[in-house]
Amino acid sequence: MARERVCSLSDVKEGELRSFKVGERDVVIIAIGGKITSFDRWCTHEQGDMSEGSIEGSIVTCPLHGSKFDVAHGGKNLVGPDEEPGGTVPDIQVFPVIVEGNDVFVQL
């Protein structure tokens, strides 16, 4: 796994989905309950932009068809598109986050 700097700690706001380009990868960074989490920007269903979705607790909802993923628990798919049962689409990829000083890194 390659460790890549994503942003400054001051760029991460509680409950705010922010997208960043990290090498060839697009990731979303968010603070949830003071813990910084990172996951793949594109939904596993039809590539909806998860940075434009909504968040409730640790559940991120895709803006296209409503798939829900729990990013605090490995990106597990809880609800599929159009209210289908969880597990009907692959889980979203979650990346380990490291904070050093004012720098936020992800391991891809």
What distance separates [X] [atom1] from [Y] [atom2], expressed to the nearest 0.5 Å?
| X | Y | atom1 | atom2 | result |
| --- | --- | --- | --- | --- |
| Ser67 | Glu84 | OG | CD | 7.5 Å |
| Asp26 | Asp40 | CG | CG | 8.0 Å |
| Ile32 | Glu14 | CD1 | CD | 7.5 Å |
| Gln47 | Leu64 | CD | CG | 9.5 Å |
| Glu52 | Arg41 | CD | CZ | 7.0 Å |
| Lys68 | Cys43 | NZ | SG | 11.5 Å |

Where do [X] and [Y] come nearest, in terms of heavy atoms and distance?
| X | Y | result |
| --- | --- | --- |
| Asp91 | Gly74 | CB-O, 4.3 Å |
| Phe69 | Gly75 | CD2-O, 3.5 Å |
| Arg18 | Glu16 | CD-OE2, 2.8 Å |

### Query
Mind checking what makes side chain to side chain contact (heavy atoms under 4.5 Å, CB included) contact with Ser8, not counting sequence neighbours?
Arg5, Ser10, Asp11, Asn102
Does any part of the side chain of [Y], heavy atoms only, come nearer than 4.5 Å to the side chain of [X], both counted from C-beta?
| X | Y | result |
| --- | --- | --- |
| Leu108 | Val27 | yes |
| Gln107 | Ile98 | yes |
| Asn77 | Thr88 | yes |
| Leu17 | Phe39 | yes |
| Met50 | Cys62 | yes |
| Val6 | Val97 | no |

### Partners passing salt bridge (Lys or Arg N to Asp or Glu O under 4.0 Å) against Asp70 (at least two apart in sequence or in another chain)
none
Using the rule that two of Ile, Leu, Val, Met, Phe, Trp, Tyr join whenever any of their side-chain heavy atoms come within less than 4.5 Å, decide whether [X] and [Y] are in one cluster.
| X | Y | result |
| --- | --- | --- |
| Ile55 | Ile36 | no |
| Val12 | Val99 | yes |
| Val28 | Ile92 | yes |
| Val104 | Phe95 | yes |

### Query
Can you check whether Val89's main-chain N or O pairs, donor with acceptor, with Thr44's side chain at less than 3.5 Å?
no
